Novice: 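Here's a structure for you.
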Amino acid sequence: MKSQVQLDELEKIGGKIEEKKIEEKKLPELINVEGEVVLRFAPNPSGPLHIGHARAAILNHEYMKKYDGKLILRIEDTDPRRVDTGAYDMIEEDLKWLGVDWQDKIIQSDRIPIYYEYAEKLIKMGFAYMCTCKGAEFKKLKDLSNPCPCRDLETAENLRRWNDMENMPEGEAVLRVKTDLNHKNPAIRDWVAMRIVEYEHPRIGSQFKIYPMMNFSVAIDDHLLGITHVLRGKDHLANSEKQRYIYKHFGWDVPVFIHYGRLKMEDIQLSTSKARLGIKEGVYNGWDDPRLGTIRAIARRGITRAAIYNLMIEIGLKIADSTISWKKIYGLNRKVLEEAANRYFFVWDPSKVIIGNLPERSLGIIKRSMHPDFQDRGYRKIPFDGKVYLVDEDVKLHKYLRLMDAVNVYFKDKEAFFHSLSLEEARDVNAQIVHWVPAEDNLKAEVVMPDASVLKGLAEPSCADLKVDDVVQLERFGFARVDEVSEGKIRFYFAHK
RNA sequence: GCUCCGGUAGUGUAGUCCGGCCAAUCAUGUCGGCCUUUCGAGCCGAUGACUCGGGUUCGAAUCCCGGCCGGAGCACCA
């Protein structure tokens with residue numbers, strides 16, 4: 001018997017634990033918050049979103065909610081060669097699946113004239129010049145901190161070249177932003193703002209031939225859209241510095257740049273371009289192949305958005321790189337699924353067993369709860385007539401088996417016989433407790449595993465009532481998402497144990 | 001090579017700015033126990049980290065210098 005003092009102490013501890021659970025995982029405050037916080041998620045439409053995009057999307061979305069601010073979806077399609085027309089819709093679908101919503105959407109290819117306008121302003125202000133030097137020659141000069149011959153061109157000549165740019169072939173000229181030729185980092189020196197692209201844009205066609213470089217369009221748009229905080233990967237560190245020159249030249253306020261580290265994912269290092277190639281060559285079944293790190297692949301596997309959200313919030317915006325293990329994701333996902341997932345029997349590697357000596361009283365309809373912790377969800381009915389399929393390994397490895405909620409059997413000369421009925425008796429002989437499926441009344445089932453291999457077996461009859469996207473726990477097997485249900489057949493995608 | 005940035009348990013993360021309350025947080029994983037008609041969940045317990053070497057200081061995960069390791073950028077991609 002515990003003393004009152006001990007009980008009080010326990011309650012205190014319990015209370016503390018509760019509190020900690022509630023206050024779990026918060027994002028740090030943003031700096032320089034004055035007025036409305038405006039953020040953007042700005043993917044390049046080269047394919048569907050992957051787990052790396054999810055980080056940017058979720059963090060931006062979380063801050064939008066935290067500060068009751070605004071999130072803008074900006075599609076950055078200023079390189080006609082890197083545009084996949086299917087990606088525009090896929091990006092929005094993926095964001096919707098993630099539960100990320102946005103207030104405004106803009107597509108940069110709709111804004112080309114705006115970039116022209118600001119390019120011209122920059123030329124007139126003397127902060128940009130038209131450079132016709134060969135790339136290699138410019139680099140040589142740049143690396144020595146020397147100006148190229150075009151740098152000191154008169155404004156009038158720059159404007160003449162700028163207006164003539166449309167008549168030049170690709171590679172003939174670029175518009176450069178003046179920065180600092182003595183900048184320590186050669187990459188920052190006089191970077192390219194506009195270039196000629198002779199390639200039909202998949203979305204807007206051939207109406208333009210001059211396209212902005214990302215550093216230019218991004219800086220112009222971030223300012224025009226009133227972006228206050230820019231969250232981006234640390235691979236953009238140098239770009240942020242390049243973009244600062246645009247703000248400086250125009251006299252604009254610079255947003256807060258926040259750079260986070262690289263996200264590495266165990267077993268998945270596939271870039272969008274490699275994935276696309278793999279799909280084209282038939283190595284992968286599509287963008288949602290379970291081996292890929294795309295949002296849709298992860299979703300198809302029964303990973304919940306809540307798990308992805310929690311993961312991204314936990315990782316946060318650290319600039320140091322992070323490696324995510326599947327175990328981490330599974331652990332987070334299991335928390336969500338454990339409560340949500342109803343239980344069903346799936347027998348893989350099925351072995352038919354006919355049980356001898358069955359007493360009449362052991363036959364009938366077996367009822368088993370949908371979820372042991374939530375009896376109010378009701379139960380499934382599984383008819384038991386002595387003829388069942390069991391997992392082959394269970395049959396081979398054990399002398400005594402208890403078929404859950406039905407009977408205890410024993411094997412003699414590879415034949416199965418009735419032993420007893422109660423759980424207690426099963427315990428007395430150390431019977432292995434196993435799941436089973438009726439030999440007659442069942443569904444053909446297959447489970448697509450994370451490596452895309454397919455495990456075939458049989459599922460209990462009530463699986464016929466399942467709907468696509470239901471996530472269930474296949475007892476003694478693991479969590480799986482229902483991918484397709486048809487007459488007498490069901491297909492699952494395996495999530496994890 | 002040049003420029004910049006990092007390095008806390010297996011993994012993720014807190015703490016680092018403003019040294020002491022840090023013999024370092026929380027989560028996940030792993031192992032063990034209890035419970036249980038699932039290999040799940042829950043509960044209890046265990047496990048395990050400040051990259052290394054100097055320096056400053058009464059005192060360093062925290063500040064300084066150097067090494068090591070890792071990453072990013074160095075495009076007419078984003």
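Only a predicted model underlies this, so the values are computations on that prediction, with no experimental measurement involved.
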Novice: Which nucleotide sits closest to the side chain of Arg343(A): U3(B), G40(B), G73(B)?
Specialist: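 Output: G40(B).
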Novice: Taking only the side-chain heavy atoms of Val174(A) (C-beta and beyond), determine which of C76(B), C74(B), G40(B) contains the nearest atom.
Specialist: C76(B)
Novice: Hey, does the side-chain of Glu338(A) have a donor or acceptor N/O within less than 3.5 Å of a partner on the base of G40(B)?
Specialist: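 Present.
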Novice: May I ask which nucleotide in the shown strands pairs with C17(B), Watson-Crick or G-U wobble, both distances under 3.5 Å?
Specialist: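 WC or wobble partner does not exist here.
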Novice: Base, sugar-phosphate or nothing for Leu237(A)? Non-hydrogen atoms, less than 4.0 Å.
Specialist: nothing
Novice: Quiz question: going by heavy-atom distance under 3.5 Å, is there a donor-acceptor pair between the base of A41(B) and the side chain of Lys335(A)?
Specialist: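 No, no donor-acceptor pair under 3.5 Å.
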Novice: Find the distance Glu314(A):CD to G29(B):C1' and express it as a whole number of Å.
Specialist: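 Checked: the CD to C1' distance equals 12 Å.
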Novice: Can you tell me which nucleotide in G40(B), G29(B), A27(B) comes closest to the side chain of Lys327(A)?
Specialist: G29(B)
Novice: Pro43(A) near the nucleic acid: base, sugar-phosphate alone, or nothing, with a heavy-atom cut-off under 4.0 Å?
Specialist: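 No contact at all - Pro43(A) keeps every heavy atom at 4.0 Å or more from the nucleic acid.
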Novice: Output the single nucleotide from G40(B), U37(B), A78(B) whose closest atom is nearest the side chain of Asn239(A).
Specialist: A78(B)
Novice: Using purine N1 to pyrimidine N3 plus N6-O4 or O6-N4 for Watson-Crick, or N1-O2 and O6-N3 for G-U wobble, both under 3.5 Å, which nucleotide pairs with G32(B)?
Specialist: C44(B)
Novice: For the side chain of Lys234(A), starting at C-beta, report the closest nucleotide among G71(B), C39(B), A78(B).
Specialist: G71(B)
Novice: Quick check for you: among A14(B), U38(B), C4(B), whose closest atom lies nearest to any side-chain atom of Pro372(A)?
Specialist: U38(B)
Novice: Which listed nucleotide (A14(B), C77(B), G73(B)) is nearest to the side chain of Lys318(A)?
Specialist: A14(B)
Novice: Atom CG of Leu337(A) and atom P of G40(B): how far apart are they, to the nearest Å?
Specialist: 15 Å
Novice: Please classify the nucleic acid contact of Lys497(A) as base, sugar-phosphate, or nothing, using heavy-atom distances under 4.0 Å.
Specialist: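 The answer is base, as Lys497(A) lies within the cut-off (heavy atoms under 4.0 Å) of a base atom.
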Novice: Both distances under 3.5 Å, Watson-Crick or G-U wobble: report the partner of C26(B), or none.
Specialist: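 When the pairing criteria are applied, G12(B) turns out to be the nucleotide that pairs with C26(B).
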Novice: As a test of reading the structure: which of G40(B), G12(B), U3(B) is closest to the side chain of Asp373(A), going by heavy atoms?
Specialist: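 Selected nucleotide (nearest to the side chain): G40(B).
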Novice: Check the distance between U28(B)'s C1' and Ile315(A)'s CD1 and give it to me in whole angstrom.
Specialist: 12 Å
Novice: With P as the reference atom in both, quote the distance from U11(B) to G71(B) in angstrom, rounded to an integer.
Specialist: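 Roughly 15 Å separates the two P atoms.
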Novice: Reckon Asp143(A) touches a base, only the sugar-phosphate, or nothing at all at heavy-atom distances under 4.0 Å?
Specialist: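 It contacts nothing in the nucleic acid.
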Novice: Identify which nucleotide among A78(B), U13(B), G6(B) has an atom closest to any side-chain atom of Ala320(A), counting heavy atoms from C-beta outward.
Specialist: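 Selected nucleotide: G6(B).
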Novice: Can you find a donor-acceptor pair, distance only, under 3.5 Å between Asp321(A) side chain and G12(B) base?
Specialist: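 A donor-acceptor contact between them is absent.
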